[in-house]
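Just below is one structure, and these are the notes that go with it.
These numbers come from a predicted model, not from an experiment.
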Amino acid sequence: MKAKVNGRLEGRTAIVTGSTYGIGEAIAKVLAAEGAISIITGRTEDEGERVASEIRSAGGAAEYHHLDVTDEEEVAKVAKAVYQRYGKIDILVNNAGISGPSKPTHEYTREEWEKVFDVNVTGAFLCSKNVIPYMKEGGGGNIVYISSIYGIVGSQDNPAYHATKAANRIMAKTGALIYAKENIRVNSVHPGFIWTPMVEDFLKAQSRELGVALEDLKGELDAKHPIGHIGEPDDIAYGVLYLVSDEAKFVTGSELIIDGGYTSR
């Protein structure tokens, strides 16, 4: 975790879903470094406690709550617990997501398709649904959906994942319009390829399937980005920090693309 810089989020409470590793972990740490109380959530207790402990060791405030975003009862329980303890929920980052199978649409089973939507779309809906009343009670807040470049442009793989990310984009725009008068800003972030366990696992699967070395595949992925390399989790975390800070007070319904130029081609 970074040392505190400007305290841009001092005293604010931030729930970050899927924050036990990868992009979510980076977001939770950056928000905490700027003074937020980071609520780490996910299904892996050991990793969640690790992230919270690292934040506290660096002088920040954090706690872990077990959360399966597809379980509305658990979502409601976590939101209520956070509100009762801190008296407000200022920030929600809908980051939790799964990739699903990388195969053509016609080869998907309905169960495979619905599982991806259950986490990436319904999970984000349940979290927003249960947090928004507390934001309204507190006079406002910020919601960020972590979408993807593939919520904007097409691709030849992972059709369910990409469809969910397009849904996240429109969920943010719709929420921005519905809740603007409640002083709740809602935006989406669209990462390019970021070196996370999800991307690493995807490349490893491709390596096995194609018989191509992992490093060669990573090099090919780097080359797809005009800037010359894929991104790091902190690249996304600092974009989220901007959107939930007062510097972005006039920004809602927006889509922040952080992709090293990928979608500019």
Quick test of your reading of the model: are [X] and [Y] salt-bridged, counting only N-O distances below 4.0 Å?
X    : Y    : value
R85  : E63  : yes
R12  : D246 : yes
E107 : K103 : no
E25  : K29  : yes
E47  : R50  : yes
E137 : K88  : no

How far apart are the C-alpha atoms of L241 and L9, what are their side-chain angles, what is the distance that settles it, and do they pass the side-chain contact (heavy atoms from CB on, under 4.5 Å) test?
CA-CA 9 Å; L241 171 62; L9 304 178; 3.7 Å; yes
What's the spacing between [X] [atom1] and [Y] [atom2] if we round to 0.5 Å?
X    : Y    : atom1 : atom2 : answer
L203 : D216 : CG    : CG    : 11.0 Å
D68  : E73  : CG    : CD    : 11.5 Å
S207 : D201 : OG    : CG    : 12.0 Å
I39  : Y64  : CD1   : OH    : 12.5 Å
L217 : L210 : CG    : CG    : 6.5 Å
Y238 : I258 : OH    : CD1   : 12.5 Å

Determine the minimum heavy-atom distance between [X] and [Y], stating which atoms define it.
X    : Y    : value
A124 : Y145 : CB-CE2, 3.8 Å
N130 : A76  : OD1-CB, 3.4 Å
I89  : V82  : CG1-CG1, 3.9 Å
R8   : Y242 : NH2-CA, 4.0 Å
T44  : T20  : O-CG2, 3.9 Å
D90  : G11  : OD2-O, 4.3 Å

For the residue pair [X] and [Y], confirm or rule out a side-chain donor-acceptor distance under 3.5 Å.
X    : Y    : result
S147 : N168 : no
S245 : E247 : yes
N187 : S254 : no
Y134 : Y86  : no
T164 : H162 : no
N94  : S128 : yes

Check: [Y] and [X] side chains under 4.5 Å, non-hydrogen atoms:
X    : Y    : result
P191 : I149 : no
M135 : E182 : no
T41  : V69  : no
T17  : V93  : no
N142 : L92  : no
L67  : V75  : yes
I194 : I23  : yes
I143 : V131 : no

Between [X] and [Y], is there shared hydrophobic-cluster membership here, with clusters defined by ILVMFWY side-chain heavy atoms closer than 4.5 Å?
X    : Y    : result
I40  : I37  : no
Y161 : Y108 : no
V78  : V144 : no
Y150 : W195 : yes
I91  : I15  : no

Are any side-chain N or O atoms of [X] and backbone N or O atoms of [Y], one a donor and one an acceptor, separated by less than 3.5 Å?
X    : Y    : result
S19  : V16  : yes
K165 : A160 : no
N120 : F117 : no
R185 : L243 : yes
R169 : S148 : no

Residue pairs, two or more places apart or on separate chains, that pass side-chain hydrogen bond (donor to acceptor under 3.5 Å, both in side chains) and touch residues 218-230:
none
Non-neighbouring partners of E49 that pass salt bridge (charged side-chain N to carboxylate O under 4.0 Å, His left out), sequence neighbours left out
none
Could you walk me through whether K136 and I184 satisfy the side-chain contact (heavy atoms from CB on, under 4.5 Å) test, starting with their C-alpha distance in whole Å, then the side-chain angles of each, then the deciding distance to 0.1 Å, before giving a yes or no?
CA-CA 8 Å; K136 291 173 66 175; I184 297 172; 3.9 Å; yes
When you look at CZ of R265, are more than 12 heavy atoms from neighbouring residues, nucleotides or ligands closer to it than 6.0 Å?
yes
Does I178 have more than 12 heavy atoms from other residues, nucleotides or ligands lying within 6.0 Å of its CD1?
yes
Please identify which of these residues, E74, E45, K77, meets the side-chain hydrogen bond (donor to acceptor under 3.5 Å, both in side chains) condition with H66.
E74
T122 vs T70, side-chain contact (heavy atoms from CB on, under 4.5 Å): CA-CA, chis, key distance, verdict:
CA-CA 7 Å; T122 302; T70 68; over 6 Å; no
